[in-house]
Number of protein chains: 2
Amino acid sequence: MFTLMESENKFPDSLSETAAFKGLGEAERAQIYNYGERRIHKPEAVLFREGEPALRLYLVVEGGLKLTKLHEEGKETVVRYIRPGDFTAAAAVFSEKKYPATAKAVSSTEVVSWDQPAMWRILNDYPRFTVNLLQVAVERLDEIQNRLLELQVEKVEQRLARALLRLMEQSGKRTDEGILINFRLTRQELADYTGTTLYTVSRTLSGWEKKGWISSGREKIVVTDPHALVAFSEAGS
Amino acid sequence: MFTLMESENKFPDSLSETAAFKGLGEAERAQIYNYGERRIHKPEAVLFREGEPALRLYLVVEGGLKLTKLHEEGKETVVRYIRPGDFTAAAAVFSEKKYPATAKAVSSTEVVSWDQPAMWRILNDYPRFTVNLLQVAVERLDEIQNRLLELQVEKVEQRLARALLRLMEQSGKRTDEGILINFRLTRQELADYTGTTLYTVSRTLSGWEKKGWISSGREKIVVTDPHALVAFSEAGS
DNA sequence: CGCTCTATTGATAAACCTCAAATACAGTGG
DNA sequence: CCACTGTATTTGAGGTTTATCAATAGAGCG
């Protein structure tokens with residue numbers, strides 16, 4: 001037939017070590033993987049929108065997603081960046097839930113997704129997968145709680161330093177200049193991620209550029225002195 | 001023998017409708033419940049501490065817990081209040097994890113808890129329970145993400161209003177004066193919950209008291225005009 | 001080359017924290 | 001029952017951080 005699911009897709013090696021497929025045999029991985037639908041999304045493409053019925057569970061294979069939430073009056077926050085090997089929209093496992101956030105591709109992004117019937121089959125046939133999902137949820141929870149803590153007790157510049165480091169670790173790419181955050185990232189997005197304004201972000205980055213910690217351009221940031229940033233993020237001065 | 005688990009405990013009716021035991025038969029509930037250990041903790045008692053190896057999963061039956069996280073220099077945040085029917089320390093399902101927060105009883109509190117061997121047995125024998133745990137984790141995640149959003153875009157007074165309303169809904173007790181938040185709650189704790197200082201909390205509450213929205217005393221808050229608070233929490237003015 | 005989106009920078013104001021000091025309250029032990 | 005003691009709370013003054021507004025500069029795209 002003609003659906004995407006028909007062709008047996010090879011399970012990507014890059015995913016075999018991820019939390020998603022931990023403890024599963026090779027055959028099981030391939031089966032689970034092939035229950036899903038593979039798709040490649042262009043940069044800026046919206047995979048799902050906050051408030052829509054949550055119908056599919058997503059796993060990022062390559063590229064990345066930006067998860068955002070809207071507040072009244074158009075203000076938006078970046079909840080998280082999703083990288084290869086990460087699930088998102090776990091809420092879709094439960095019927096009648098809505099997506100709690102909007103997902104947009106930050107670069108060309110390959111995902112696998114499962115609809116509810118497929119998920120129920122998987123959850124039923126591979127209990128280990130359910131446990132893996134639980135583990136991912138628990139880890140996300142921990143991460144967000146840490147961000148909540150940081151947001152409450154740290155000042156803007158310290159949070160910005162942490163954010164850059166996190167993004168660097170998650171999506172960094174070595175260049176001869178330093179470590180490049182490997183997708184388009186505006187000052188506004190960074191502000192939405194750290195709970196500040198684009199003005200403050202701009203000022204702060206300018207300062208760090210003068211100190212030689214980073215090197216930045218339009219929608220582009222390269223961390224040239226990670227060590228200094230780490231020290232700053234921990235000490236806050 | 002002599003352990004607490006020996007006596008067959010009746011499954012509490014109050015829990016039968018909670019997310020924790022959804023979709024499970026009465027017999028299954030009783031079995032799961034009896035794998036655990038019942039305990040009553042005094043107010044202020046610490047059930048587990050951030051950083052310790054996570055050995056037990058907890059379910060609150062009566063009373064409540066305060067989950068806190070510490071930052072360097074003693075600053076602390078209240079991550080969440082746990083009420084009857086809620087799990088906490090889901091991280092304990094996974095070996096080698098540490099408790100991500102500290103849990104302290106806010107009043108006399110009854111909990112059931114399971115150690116790892118019991119949990120593994122339960123997760124294995126009652127897959128529906130695993131799914132329920134996942135659901136709880138997903139809902140917490142959503143809740144925390146909403147708090148993150150509020151913390152980033154709303155001003156202190158608005159967050160305080162939301163916090164009071166949340167606590168009122170979760171732990172409110174009708175009195176002839178209004179709805180009492182039914183446990184000791186200091187200004188400092190409210191500040192740690194909303195990401196501000198006790199001074200700002202005090203000033204704000206004083207203002208609301210003059211407006212007749214609340215009535216407060218030492219470690220005690222009664223919401224006398226919930227409607228006004230709701231309006232304020234949504235409009236922010 | 002002009003258009004549009006992004007970033008920078010300065011000036012100003014608002015929100016909020018910090019520090020200090022006084023006051024109120026609850027529980028305790030005589 | 002009352003004075004005492006340790007917290008919790010209130011309130012004021014002053015300072016810091018950060019948001020807001022406005023104007024300009026730069027980068028990429030067609």
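As the structure is a prediction and not an experimental result, all values here were calculated from the model. Worth knowing before you read on, the calculation uses all heavy atoms, side chains too, and leaves out hydrogens, waters and symmetry mates. Letters A, B, ... mirror the listed sequences (proteins, then strands); counts begin at 1.
A/Ser202 has no side-chain polar atom (N or O) that falls below the 4.0 Å cut-off from OP1 or OP2 of C/dA7. Taking only side-chain nitrogens and oxygens, B/Thr196 comes nearer than 4.0 Å to OP1 or OP2 of C/dC17. Residue A/Ser206 places at least one side-chain N or O closer than 4.0 Å to OP1 or OP2 of C/dT9. Close to C/dA7, at under 4.0 Å from its OP1 or OP2, lies a side-chain N or O of A/Arg187. Note on A/Thr200: a side-chain N or O is less than 4.0 Å away from OP1 or OP2 of D/dA19. Remark: B/Arg184 is in phosphate contact with C/dG27, judged by side-chain N or O atoms under 4.0 Å from OP1 or OP2.
A/Glu219 places its CD atom 13 Å from the P atom of D/dA27, with the value rounded to the nearest Å. With rounding to whole Å, A/Leu198 atom CG is found 15 Å from D/dA22 atom P. D/dA19 atom C1' lies 8 Å from atom NZ of B/Lys155, rounded to whole Å. For the pair B/Gln158 CD and D/dA19 P, the computed distance is 16 Å after rounding to whole Å.
Closest non-hydrogen pair, B/Lys42 versus B/Ala105, comes out as O-CB, 3.4 Å.
The side chain of B/Ser216 sits closest to D/dT10 out of C/dA7, D/dT10, D/dT20. Counting only heavy atoms from C-beta on, B/Arg218 has its side chain closest to D/dT9 among D/dT9, C/dC17, C/dT6.
Two rings, from A/Trp114 and A/Tyr58, have their centers 6.0 Å or more apart.
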